[in-house]
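For the single chain, residues carry numbers from 1 onward in sequence order.
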Amino acid sequence: VVDVPHTHRIARHNTMTKSIALICTSCDELVPGAKTGAWLEEVAEPYYIARSAGIKVTIVSIKGGAVPIDPASESGDFFTPSCAKFKEDEE
């Protein structure tokens with residue numbers, strides 16, 4: 001064990017990047033023909049809130065792979081400016 005002076009521990013801590021994982025559903029159908037998925041605004045809003053706070057965000061699905069988006073969340077009043085930005089974002 002190496003004893004690190006307190007000032008070095010603080011400096012190292014302040015340079016660490018904070019990160020979170022948004023864990024989303026992998027389910028894309030409730031029953032055959034009934035499409036479902038993550039509600040787009042429930043992914044987009046926390047994504048941009050965290051990013052604006054300097055937090056790295058990784059979006060993952062429970063089974064791995066792409067996160068299905070509920071088609072109903074991509075229309076009408078449900079499709080917010082954050083949703084539109086998210087759909088166009090390449091990150």
Side-chain angles (χ1 to χ4, degrees):
V1 175
V2 176
D3 185 31
V4 178
H6 179 69
T7 55
H8 287 89
R9 286 193 301 261
I10 291 171
R12 194 178 98 194
H13 181 269
N14 288 340
T15 61
M16 294 177 71
T17 302
K18 294 180 183 178
S19 62
I20 62 169
L22 288 178
I23 302 170
C24 301
T25 186
S26 294
C27 182
D28 62 354
E29 283 188 324
L30 293 174
V31 295
K35 296 292 183 187
T36 191
W39 198 257
L40 184 55
E41 187 177 23
E42 292 178 354
V43 176
E45 284 294 326
Y47 175 82
Y48 288 116
I49 290 169
R51 291 290 311 265
S52 69
I55 299 170
K56 179 184 176 194
V57 181
T58 303
I59 299 172
V60 297
S61 66
I62 293 171
K63 291 183 179 179
V67 173
I69 300 298
D70 190 314
S73 69
E74 298 181 274
S75 62
D77 292 340
F78 298 123
F79 195 71
T80 65
S82 290
C83 294
K85 181 179 177 182
F86 189 84
K87 293 283 286 185
E88 295 173 5
D89 202 337
E90 293 183 18
E91 287 186 43

Would a 4.5 Å heavy-atom cut-off, applied to side chains only, mark Lys56 and Lys18 as touching?
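Not touching, per the 4.5 Å side-chain cut-off.
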
Between Thr80 and Glu45, is any pair of side-chain heavy atoms under 4.5 Å apart?
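Sidechains of Glu45 and Thr80: in contact.
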
Taking atom NZ of Lys35 and atom SG of Cys27, what is their separation to the nearest 0.5 Å?
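It comes to 10.0 Å.
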
Going from OG on Ser82 to CD on Glu42, what distance comes out if it is rounded to the nearest 0.5 angstrom?
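Taking OG in Ser82 and CD in Glu42, the distance rounds to 13.0 Å.
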
Might you work through the side-chain contact (heavy atoms from CB on, under 4.5 Å) test for Phe78 and Leu40, ending with a clear yes or no?
CA-CA 8 Å; Phe78 298 123; Leu40 184 55; over 6 Å; no

Ignoring hydrogens, what is the shortest heavy-atom contact between [X] and [Y]? Give both atom names and the distance.
X: Asp89; Y: Tyr47; result: OD2-CE2, 4.1 Å
X: Ser73; Y: Ala38; result: OG-O, 4.0 Å
X: Pro46; Y: Glu41; result: CD-O, 3.8 Å
X: Thr25; Y: Val67; result: O-CG1, 4.0 Å

In terms of hydrophobic clusters joined by side-chain contacts under 4.5 Å, are [X] and [Y] together?
X: Trp39; Y: Tyr48; value: no
X: Phe86; Y: Ile20; value: yes
X: Val60; Y: Val57; value: no
X: Ile59; Y: Ile49; value: no

Ile62 backbone acceptor or donor facing Ser26 side chain under 3.5 Å
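Yes, because the side chain of Ser26 sits within donor-acceptor range (under 3.5 Å) of the backbone of Ile62.
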
